[in-house]
Number of protein chains: 2
Amino acid sequence: MGIMNQFGLIDQPIFAITRYGKPVMIVQNEVQKQLRNFIDKGGYLPGDRLPAERELIESLGVSRTSLRKGLDALEREGTIWRHVGKGTFITSIGESSPAQPPVSSISRQVTPVQMMRARLSLEPAIAREAAANSSAEAVGRIKSCRDKAFEANSWDLYEIQDDALHRAIADATGNVLLLSLFDHLNQVRRAVAWAQVIRATEKPSRDHTSFHEHNVIVNAIEARDPVAAHAAMQAHLRSVSARLFGEI
Amino acid sequence: MGIMNQFGLIDQPIFAITRYGKPVMIVQNEVQKQLRNFIDKGGYLPGDRLPAERELIESLGVSRTSLRKGLDALEREGTIWRHVGKGTFITSIGESSPAQPPVSSISRQVTPVQMMRARLSLEPAIAREAAANSSAEAVGRIKSCRDKAFEANSWDLYEIQDDALHRAIADATGNVLLLSLFDHLNQVRRAVAWAQVIRATEKPSRDHTSFHEHNVIVNAIEARDPVAAHAAMQAHLRSVSARLFGEI
DNA sequence: GGATCCAACCAATCGCAACCAATCTTATAT
DNA sequence: ATATAAGATTGGTTGCGATTGGTTGGATCC
């Protein structure tokens, strides 16, 4: 390939001096013209794939070196787009798709213990932020959730309200990003819980330790005590963890 | 599945230049388009089961590899879900997740300070988990990243290597979910940083405080000292934060 | 001397086929 | 009738060969 400067390939002279002293734009590589023609006549639309280079050199009757020089120009210009192993494509507008792996894929790989450790990594910090930043209305919503969870008369309903409580806390941070992280975690948690442990362990004793723990958390947040909120949430999750696995 | 890079599947052109200024909405996986069409024409309703992959490749006339790539996209998008031994199903409304808002939306709403607080909420905990669980190979990768960051001779390159270092730490937790949370955070961070602060602040002093902080973190992880790792990461982020905002 | 051509090689990707593990179905034994 | 085992089906994974854009070095031509 040619020499690179900071803008790209140094390729053709931009202009030349005729014998009569009049500058003339050279504009294009001969091959470049052929390529443009080939694309137009061939009816290629945005997104379409051009023939492979090794085929093009036969269609156009040029060497691969100069073909690639022409393609380089077209790519620099933005007309085409190339990628090794795939081919050369007519440029089109696509969404930049960041493409996180789907939750189902994650939930398949993550073990219940890892899930618990992830919750322990994130949720106490969220409780701390909530204590530091929550508005009065947010605290009100949290307390409402706590009460509904307490009054829940079925195990399923309790889980729903427990979910809502934890999410209300994340919402109380006033930090969209933290809320988004919590939601992401929670989505995976639902998938994992559904597929694995929870249902296997005993469902009975809607023991009141969780309710007490909830109270400690909510009180710490209402008291705007970040350290206590962090500790309370950590204790709560450790308690849940202990019930599931018998330890951390 | 295709090869993953740190952003996801390598697939179609990420961006393109509209020479005529008119954006042309195109490009999904091609197969993805076919699949969407197939689902619509086939009258599949939420909860219905799609034909097996080995049948679909005949109906659509594509290879199983690329079919699965299309299905991956649809699953990530939430329109289908799959389970080994059962099949592929159209997502039913009940179990459809609340649809995470796209990264772009979040990055628009989140302030740099909130971003920093989110990092402070998650990354120290990740460092702790890394110290507790990292394998020897993982530590090696981390140290390699640290060295590359140290040797970076441009600010841009440093940022890239710094990114890689932090991600290597998240990877060292061995916890797919934590890694996924980190990636989610990082995606938003890139969008926010790009749009707002970072570039506005001074770029000069590649001061060595960050390098020293990196060393402290890496050493703590290598020493398998979770508490120290947590503290070191927290100190590092506080230091970065101080440089950006002048305080926490 | 510089551009061009050619051939060989590299690395990313794709298509294919075989294999794995979870699940469902069916047959068989008690 | 129920329980258990064997087989079939399904999504998930891996390895191989072919294809494709990217790169390099030497031969050739002006």
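Letters A, B, ... are given to chains in the order of the sequence lines, protein chains preceding strands, and every chain is numbered from 1.
Atom C1' of nucleotide D/dT9 and atom CZ of B/F89 are separated by 12 Å, given to the nearest angstrom. Between B/L71 atom CG and D/dT13 atom P the separation is 13 Å, expressed in whole Å. Taking atom CD of residue A/E53 and atom C1' of nucleotide C/dA12, one finds them 14 Å apart after rounding to whole Å. A straight line from CZ of B/R49 to C1' of C/dC24 spans 10 Å, rounded to a whole angstrom. Atom-to-atom, CG of B/L56 to C1' of D/dG11 comes out at 12 Å; the value is rounded to the nearest Å. If you take CG of A/D72 and P of D/dG22, they are 7 Å apart, rounded to a whole angstrom. The interatomic distance linking A/L67 (CG) with D/dT20 (P) rounds to 13 Å, in whole Å.
Take A/E75 and apply the side chain to side chain donor-acceptor pair (under 3.5 Å) test, not counting sequence neighbours, and it matches A/R82. Residues passing the side chain to side chain donor-acceptor pair (under 3.5 Å) test with B/R64, sequence neighbours excluded: B/E53.
A sub-4.0 Å separation between OP1 or OP2 of C/dC14 and a side-chain N or O of B/K69 is present. For D/dG11, the OP1/OP2 oxygens have no side-chain nitrogen or oxygen of B/R68 closer than 4.0 Å.
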Would you mind building the protein contact string for nucleotides 15-22 of chain C? One character per nucleotide, 5' to 3', B for base within reach (heavy atoms under 4.0 Å), S for sugar-phosphate only, - for untouched. BB-BB-BB
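Salt-bridge formation is detected for the pair A/R36/A/E77: a Lys NZ or Arg NE/NH1/NH2 atom is positioned less than 4.0 Å from an Asp or Glu carboxylate oxygen.
Looking only at atom types and distance, the side chain of A/S121 has no donor-acceptor partner in the side chain of A/R117 under 3.5 Å away. Side-chain polar atoms of B/H214 and B/D162 form a donor-acceptor pair below 3.5 angstrom.
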Show, in sequence, the C-alpha distance, side-chain angles and deciding distance for B/C145 and B/R167, and conclude whether the side-chain contact (heavy atoms from CB on, under 4.5 Å) test is met. CA-CA 10 Å; B/C145 286; B/R167 190 174 193 275; over 6 Å; no
